[in-house]
Amino acid sequence: MTRTLPGVTGVLALADGTILQGLGCGAEGAALGEVVFNTAMTGYQEILTDPSYMSQILAFTFPHVGNVGVNAEDVEQMGESAATSARGAIFRDVPTAPANWRSGQSFDAWMKSRNVVGLAGVDTRSLTARIRESGAPHAVIAHSADGQFDLDALVAQAQGWQGLVGLDLAKDASTLQAFDWDQGLWDWPEGYPRVDAADKSVVVIDYGVKKNILRALASTGAKITVVPATTAAEDILARKPDGVVLSNGPGDPAATGEYAVPEIRKLVASGTPVMGICLGHQMLALAMGAKTIKMDQGHHGANHPVKDLTTGKVEIVSMNHGFTVDRDSLPDAVTETHVSLFDGTNCGIALKDKPVFSVQHHPEASPGPTDSLYLFERFRKLMA
């Protein structure tokens with residue numbers, strides 16, 4: 001049944017029957033997922049191409065989006081498909097025309113090319129408050145130029161979705177074959193330089209890795225090899241790496257951990273330095289005997305305060321996760337190293353007797369502040 005207001009070309013149908021109506025933008029069609037909000041003020045292209053947003057619909061709390069356009073350099077995922085990143089995007093205002101020297105395409109045209117469904121002209125503050133109070137809802141976002149929607153069918157589709165709990169998405173977000181990486185962090189005015197003088201070798205297990213993680217690692221003087229999520233520990237150790245990184249990625253860590261955790265345990269037992277980020281952090285905790293739980297709203301943004309308990313330093317960091325490590329389940333062999341100052345959740349661990357640590361936040365800062373880039377240097381020192 002169609003019950004939209006005149007002029008409406010986009011809707012968000014929540015599983016509880018709520019319908020938000022507005023103006024469709026980006027690709028026409030419909031996308032199903034979990035609705036979360038992101039509090040970052042910049043970096044919308046990097047955010048929408050973060051594989052950790054796979055099977056999610058993203059609402060931006062910052063009202064002005066699109067003003068710097070998009071470019072080929074700021075894509076964070078390895079591929080170009082929205083199927084392995086955010087499926088939809090919600091805006092307060094209609095995305096504006098680009099006005100930036102790096103722009104190669106308008107934001108709306110880019111969304112169309114990637115098949116990202118957009119919805120503008122809705123009260124994102126109200127939606128954010130709803131998520132904060134009631135948790136991230138299941139929903140369908142839809143865009144149709146003729147304004148014709150079967151709202152009952154969209155609500156039923158949202159109600160029938162299983163959600164992220166128990167869902168392994170890392171296999172789909174991961175590379176299918178190993179490859180090398182030698183691009184460093186962006187540097188004005190050259191852009192992304194090639195790192196030739198590398199004296200350490202790092203294997204990155206790709207559960208949905210972001211390019212800027214690889215760039216940050218390469219900039220420490222590491223030769224990077226990226227391998228698929230399902231790679232056996234024996235094959236990784238056969239490369240004789242100086243260190244191994246467990247990357248970020250989407251989905252339920254317990255589901256991905258069914259095949260990843262046994263391999264992580266072998267890597268840790270080998271004595272090889274290991275660093276985990278986001279999903280990698282959660283699965284390292286699982287490998288050590290801790291538990292993970294689904295969060296009601298998650299942490300998504302570039303302005304989250306986290307305290308490094310090893311130094312006493314408070315950092316403003318970038319985060320994107322809907323699951324968290326249950327800090328009460330951490331075993332004695334594990335030390336908590338970082339904690340969120342928003343809600344006290346765990347944001348980092350280290351093993352007491354192994355050169356192994358991990359963090360929940362994103363030290364590559366893309367987008368976000370660079371307060372946590374030191375963690376890559378900390379990892380290099382472990383390899384030394």
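For the single chain, residues carry numbers from 1 onward in sequence order.
Legend: salt bridge (charged side-chain N to carboxylate O under 4.0 Å, His left out) pairs involving residues 310-336, not counting sequence neighbours, sorted by first then second residue: R327-E336. Annotation: ring pair (Phe, Tyr, Trp, His ring centres under 6.0 Å) contacts involving residues 295-316, sequence neighbours excluded, comprise Y53-H300, H299-H304, H299-H321, H304-F342.
For the pair T292 (side chain) and T324 (backbone), a donor-acceptor distance under 3.5 Å is absent. Of the possible donor and acceptor atoms, none in the side chain of H143 sits under 3.5 Å from a partner among the backbone N and O of V117. Although no hydrogens or angles enter the test, the distance criterion places a donor-acceptor pair under 3.5 Å between the side chain of D168 and the main chain of A170. Using modelled atom types, one side-chain atom of T49 and one backbone atom of Q45 make a donor-acceptor pair closer than 3.5 Å. A donor-acceptor pair is defined here as one N or O able to donate and one able to accept, closer than 3.5 Å; no such pair exists between the side chain of D187 and the backbone of E190. A donor-acceptor contact shorter than 3.5 Å is absent between the side chain of T256 and the backbone of P253. Although no hydrogens or angles enter the test, the distance criterion places a donor-acceptor pair under 3.5 Å between the side chain of S247 and the main chain of I205. A donor-acceptor contact shorter than 3.5 Å links the side chain of N212 to the backbone of E364. Remark: side-chain polar atoms of S270 are paired, donor with acceptor, to backbone N or O of L267 under 3.5 angstrom. S106 contributes a side-chain N or O that, together with a main-chain N or O of A109, makes up a donor-acceptor pair within less than 3.5 Å.
Taken together through direct or relayed side-chain contacts under 4.5 Å among Ile, Leu, Val, Met, Phe, Trp and Tyr, V8 and L151 form part of one hydrophobic cluster. Side-chain heavy atoms closer than 4.5 Å link hydrophobic residues (I, L, V, M, F, W, Y) into clusters, and following such links, possibly through other members, connects I213 to Y374. Following chains of ILVMFWY side-chain contacts shorter than 4.5 Å, one can reach F376 starting from W181, so the two form part of one hydrophobic cluster. Under the 4.5 Å side-chain heavy-atom criterion for Ile, Leu, Val, Met, Phe, Trp and Tyr, I236 and L279 are members of the same hydrophobic cluster.
Between K266 and E263, at least one side-chain N (NZ, or NE/NH1/NH2) sits under 4.0 Å from a carboxylate O, which counts as a salt bridge. Salt bridge absent: K223 and D196 never bring a charged side-chain N and a carboxylate O closer than 4.0 Å. Classification of E73 and K211 as a salt-bridged pair fails, no side-chain N sitting under 4.0 Å from a carboxylate O.
A ring-centre distance under 6.0 Å is not found for Y44 and F60.
Listed by chain and number, the residues in a ring pair (Phe, Tyr, Trp, His ring centres under 6.0 Å) with H338 are H361 (sequence neighbours excluded). The salt bridge (charged side-chain N to carboxylate O under 4.0 Å, His left out) check on E76 picks up nothing, with sequence neighbours excluded. Residues passing the side chain to side chain contact (heavy atoms under 4.5 Å, CB included) test with A83, sequence neighbours excluded: S81.
Between P51 and A173, the shortest heavy-atom distance links the atoms CB-CB, 4.4 Å. Nearest heavy-atom pair, R265 versus L286, reported as atom, atom and distance to 0.1 Å: NH2-O, 3.8 Å. Contact detail for L284 and V268: the closest heavy-atom pair is CD1-CG2, 3.9 Å. Taking all atoms of both residues into account, the shortest heavy-atom contact from N320 to C278 is O-SG, 3.3 Å. Closest non-hydrogen pair, S201 versus K240, comes out as OG-O, 3.6 Å. Across all their heavy atoms, V356 and T272 have their closest contact at CG2-O, 4.3 Å.
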*List the steps, then state whether side chain to side chain donor-acceptor pair (under 3.5 Å) holds for D343 with S340.*
CA-CA 6 Å; D343 57 14; S340 167; 3.2 Å; yes
*Would you please test Q77 and T84 for side chain to side chain donor-acceptor pair (under 3.5 Å) and show each step?*
CA-CA 8 Å; Q77 68 188 121; T84 53; 3.0 Å; yes
_R102 vs V68, test: side-chain contact (heavy atoms from CB on, under 4.5 Å). Steps then yes/no._
CA-CA 8 Å; R102 294 183 70 221; V68 296; over 6 Å; no
*Determine, stepwise, if the pair L217 / F379 fulfils side-chain contact (heavy atoms from CB on, under 4.5 Å).*
CA-CA 9 Å; L217 283 167; F379 182 53; 4.0 Å; yes
*Would you please test S366 and R215 for side chain to side chain donor-acceptor pair (under 3.5 Å) and show each step?*
CA-CA 11 Å; S366 186; R215 294 179 183 124; 5.6 Å; no
*Go through the steps to decide whether T61 and N38 satisfy the test side-chain contact (heavy atoms from CB on, under 4.5 Å), and finish with yes or no.*
CA-CA 6 Å; T61 62; N38 186 296; over 6 Å; no
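Atoms CD and NE2, from Q360 and H281 in turn, are 4.5 Å apart once rounded to the nearest 0.5 Å. Put simply, OG on S134 and CD on Q297 are 10.5 Å apart, with the number rounded to the nearest 0.5 Å. How far CG of D172 is from OH of Y207: 15.0 Å, rounded to the nearest 0.5 Å.
Dense packing is recorded around NZ of K352, with more than 12 heavy atoms of other residues, nucleotides or ligands lying under 6.0 Å away. Around atom CD of Q177, no more than 12 heavy atoms belonging to other residues, nucleotides or ligands sit under 6.0 Å away. Atom NZ of K307 has 12 or fewer neighbouring heavy atoms from other residues, nucleotides or ligands inside a 6.0 Å radius. Within 6.0 Å of the CE atom in M295, the count of heavy atoms belonging to other residues, nucleotides or ligands exceeds 12.
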Show me the side-chain donor-acceptor pairs of residues 87-97 shorter than 3.5 Å, one per line, residues at least two apart or across chains.
from : atom 1 : to  : atom 2 : distance (Å)
T96  : OG1    : N67 : N      : 3.3

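When each of D206, D182, V226, V202 is checked for a side chain to side chain contact (heavy atoms under 4.5 Å, CB included) with L214, only V226 meets the rule.
Under the 30°/60° scheme for interplanar angles, the aromatic rings of W186 and W188 are found to be tilted.
Cation-pi check for K171 over Y259 is met; the charged atom lies under 6.0 angstrom from the ring centroid and within 45 degrees of its normal.
Two residues are said to be in side-chain contact when any heavy atoms from C-beta on lie closer than 4.5 Å; I224 and F179 fail this criterion.
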